[in-house]
Every structure is written in structure tokens, then in C-alpha cells.
Amino acid sequence: MEERIVFHVDFDYFYAQCEEIRDSKIKGKCVAVCIFSDRGGDSGAIATANYNARKFGVKSGIPIMLAKNKLKEEDAVFLPADFDYYSDMSSKGMEIIEKYADVFEYVGRDEAYLDVTKKTEADFHNAEHLAQQLKNEIRNNLKLTCSVGITPNKLLSKIASDYKKPDGLTTVKPEQVEEFLSPLKIREIPGIGKKTEDIFTQMNVHTIEELRRINIFDLNKIFGRKTGGYIFNSAKGIDTEIVKERPPTIQFSKIVTLKKNSKELKFLQENVMELCVQLNIIAIENNKMYRSIGIQFVNEDLSTKTKSRMLKNPVSNEDQLKKVANQLLEEALVEQVMLVRRIGVRISEFSDVEGQSSITNYF
DNA sequence: CCCTCGATCAC
DNA sequence: CCTCATATCGAGGG
């Protein structure tokens, strides 16, 4: 049997909505959830904003300073992100959602895919009913609203859940796929971001209908075989990816914004060492050994430099991590001309630690 | 085939 | 004015 019914469930303006739920007094105001960097003051970025704030151009990713400026005339609150609280809300929500699925795929704190083909007997009418029940249960239990896309695949459901927000429910049946996609901006396709959009703008391609007219050879030439094929199929609403449990994470990383821009070895070392400590703890908590270690610079101008090294054998050891990270740091600094704004460390190429006790004890 | 690195996306 | 974390792709060099 070919035909599937897939949900994409997306909690609306999630972090900001969580804050509204915690303190209903701020509902009706502009709410911006902030990630403050270690620089102090208002250095940092907006994680999420509610719809009141979005009306004034405040959205995720923009600098906090800029957001404050945009909202200076408004009744606005700027709250520090409280990820523990959001994770807790997320767990409670996911626990409810999961029950509605034949197959459940957790994507992130605020989104999930559900294959509901069996549950709905592949009937879209049944599916809409099921989705409404899901939304009701989430709202009644958590006071949380979400938007749902109901379509034959993950790609379309992701686009559909975004189509009407907040508190939306959008169904696209197989025979409606073309008319649904045609007028949409290409940016609506997940994976098409700013850069890709710019390229298409130069080619005078703005809507998905226009995108559909580009042949696959040209797409492959511009974007490579994989991405070209992905864009080509996406324009037609074709996506064969199945809903399945996510495989475990394959890398961990930590990055900080430095107190001051610098390229001084000693100062950068101190920061890298601290990141190593934290990362190794994460590795141990997850029972992982790692074989690849990398560092990352984000320069003054926000350009990025990475340097990584594969080890002979996997390790899970703080001193080893520090030693290699430090080597990489020294090597990277040799050719470094710009000052560094942010610095990060990454571990990957995991293997599982067997047994109860940490293997580090044996070295 | 394996490794390194930059780029892109998007949370 | 610019957070933080992860995944993926493609190029280039062994």
C-alpha cells in the first residue's frame, strides 16, 4: 500500500507561549524570549517571540538590542530562556501526542511527525478528526496551542503545519498537492534558506510553480546531485522519507561568546578548557566514547573556521580531550589574522561505552 | 574509501 | 547590534 497519512505537529511560538502560560499577565504584551551571551548587557539574540512582537519585526535570530529598539514604544517583556522549563513542557506535550501515532518521530522540543495511516485507515476525514482531538487534548491539559499539517508525506506536512498559524490545521490531499504548492514562496520548502533563495531570485524564480519549471540537470549543476534532486522532487511535493524514530545524536558541541574579541592563545585556551570539561561530562552522561575532536572559531565578521582531528582510538577522557583541543587551537592560531568572537569545541564519531562503570577509570 | 573543511540550514 | 546545537552535503586531498 502506497498512500500514507502523515501529521506534522508544531507547538506555536513555543518558548514564548510557555512563558505566557507560566505568567498569564504577559499575554497581550509583546513577549520575546532571549538568549543572552556572556558579554553582558543586551548582547545576545532572540530565541522566539509571540505574535504581538512579530508584528513589529521581532523574530528568532535577531539581536536583542535590535528587538528592544523595535519594541521601544510598546508594552514588551524580554525574558531569559529557561530551557529546563520548556523541555518539561515539551515532554508533557510529546507524551500526549505520541499516543495518536502508529509511528512517532520526535524532531525537537516543539515539533514531531506522526504516521497515522493505520489509525485513520488512510482516510483524510478520519485524520482531521484525529488531529482535532490531539489539539484539544494538548490545549485542555497544557493550555498550549499547536498547528498541524495533514498530508501524504513529511515534506508536505511540514509545509502545511506552517501554512496557518497559530492554532492551525491544514489538510492537503494527494489531488490537492499541486494547487497547494504552486503559489507558495520557494522559501517555504524546508532546506531552502536565505542563500538558496538568493540564487533562485537571481534566476527570477520566486514561487514553487516557477521552481517546478527548472529541470533537474540545471538543479544538479547548481546545487549538487543530492540537493538538486531534493529540490526537484520537493517542488512537486514528492517525498518518500518515512516517519521513524530518530537515530541517536552523532555529535555534541559547545560554543561560547568570548568576553572580548581576541586571538591571544592564553585567553582562548582558558575558554576551550572549560568547554572541554563540559563536553566530556556530556559524553560520560551519554555513555559515549569519541574518536573525532574539533574546534571552531567564529570570527569578528561572523565567518567561521573549523579544525578537527580523528584519533587512533576512541576516548572518553577530559585530559585527552583538552590536550587535542589545545593542539588544534595552537595550530589554528598560526594562520589566524582576525580576532575571534566565539569559540567552540565538538566531539563526534561515537562508540558506546560498555558496562556500568566509566571506562575512563581504566586509563 | 577515509579524512578535513567550509557552507548551509534552522532550532 | 548577531545565541546555541546539530545534521548534511560537496569539494579536495590522501
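All values below come from the heavy atoms of this structure, side chains included, with hydrogens, waters and symmetry mates left out. Numbered from 1 within each chain, the chains take letters A, B, ... in sequence-line order.
A:G61 comes within contact range of at least one nucleobase, with a heavy-atom separation under 4.0 Å. At a threshold of 4.0 angstrom between heavy atoms, the contacts of A:G108 with the nucleic acid are absent. Among the atoms of the strands shown, only primed sugar atoms or phosphate atoms (P, OP1, OP2) are found under 4.0 Å from some heavy atom of A:T249. Contacts of A:R225 with the nucleic acid, taken as non-hydrogen atoms under 4.0 Å apart, involve only primed sugar atoms and P, OP1 or OP2. Within the nucleic acid shown, A:T48 has no heavy atom closer than 4.0 Å to any nucleic acid atom. Among the atoms of the strands shown, only primed sugar atoms or phosphate atoms (P, OP1, OP2) are found under 4.0 Å from some heavy atom of A:R291. At a threshold of 4.0 angstrom between heavy atoms, the contacts of A:I255 are confined to the sugar-phosphate backbone, with no base atom among them. Counting any heavy atom pair closer than 4.0 Å across all strands shown, A:S292 reaches no nucleic acid atom. Residue contacts for A:R346: at a heavy-atom cut-off of 4.0 Å it reaches no nucleic acid atom on any strand shown.
Between A:T257 and A:I250, the residue anchored nearer the 5' end of DNA chain C, judged by the nucleotide with its closest heavy atom, is A:T257. Where A:K305 and A:K158 meet DNA chain B, the nucleotide closest to each residue was compared, and A:K305 sits on the side nearer the 5' end. Both A:Q296 and A:N69 lie near DNA chain C, and the one whose nearest nucleotide falls closer to the 5' end is A:N69. Comparing A:D110 and A:L311 by the nucleotide of DNA chain B that holds the closest heavy atom to each, the one mapping nearer the 5' end is A:L311.
Closest heavy-atom contact between A:R109 and A:Y15: NH1-OH, 3.1 Å. Here the closest heavy-atom approach between residue A:S37 and residue A:S43 is recorded as OG-OG, 2.8 Å.
Within the 4.0 Å cut-off from OP1 or OP2 of C:dC1, not a single side-chain nitrogen or oxygen of A:S43 is found. Within the 4.0 Å cut-off from OP1 or OP2 of B:dT8, not a single side-chain nitrogen or oxygen of A:K194 is found. Applying the 4.0 Å criterion to OP1 and OP2 of B:dC5, one finds that A:T306 has every side-chain N and O outside that range. Side-chain nitrogen and oxygen atoms of A:K226 include none within less than 4.0 Å of the OP1 or OP2 phosphate oxygen of C:dT8. Between A:R309 and the phosphate of B:dT4, there is no side-chain N or O to OP1/OP2 separation shorter than 4.0 Å. For A:R342, a side-chain nitrogen or oxygen approaches OP1 or OP2 of C:dT3 to under 4.0 Å.
A distance-only check finds no donor-acceptor pair linking the side chain of A:R346 to the backbone of A:S253 [under 3.5 Å].
A salt bridge is absent between A:K259 and A:E270: the closest approach of a Lys/Arg side-chain nitrogen to an acidic carboxylate oxygen does not fall below 4.0 angstrom. Under a 4.0 Å N-O distance rule, the pair A:E197/A:K194 does not qualify as a salt bridge.
In this structure, the CD1 atom of A:I343 is 13 Å from the P atom of C:dC4, given to the nearest Å. A:Q251 places its CD atom 13 Å from the C1' atom of B:dC9, with the value rounded to the nearest Å. Atom-to-atom, CE of A:M338 to P of B:dG6 comes out at 12 Å; the value is rounded to the nearest Å. Here C:dT6 presents its P atom at 13 Å from CZ of A:R246, a figure rounded to the nearest Å. Atom-to-atom, CD1 of A:I46 to P of C:dC2 comes out at 12 Å; the value is rounded to the nearest Å. Whole-Å rounding puts the A:F223 CZ to B:dA7 P distance at 17 Å. Atom CD in A:E335 sits roughly 13 Å away from atom C1' in B:dT4 (whole-Å rounding). Atom CZ of A:F200 is separated from atom C1' of B:dT8 by 14 Å (rounded to the nearest Å).
Note that the CD1 atom of A:I231 and the CD1 atom of A:I189 stand 7.5 Å from one another [nearest 0.5 Å].
For A:K254, whose side chain is taken as the heavy atoms from C-beta onward, the closest listed nucleotide among C:dA5, B:dC5, B:dT8 is C:dA5. With distances taken from any side-chain atom of A:E111 to the nucleotides B:dT8, B:dC11, C:dC1, the minimum falls on B:dC11. The side chain of A:M310 sits closest to B:dT4 out of C:dC2, C:dC9, B:dT4.
A tilted orientation is assigned to the rings of A:F200 and A:F223, their planes being inclined by 30° to 60°.
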Report task. Both distances under 3.5 Å, Watson-Crick or G-U wobble: on that basis, could you give the dot-bracket string for DNA chain C, with [ ] for crossing pairs and | for other-strand partners? Result -> ......||||||||
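Other residues, nucleotides and ligands contribute only 12 or fewer heavy atoms inside 6.0 Å of the OH atom of A:Y163.
A donor and an acceptor atom, one from each side chain of A:N153 and A:E241, are nowhere located under 3.5 Å apart.
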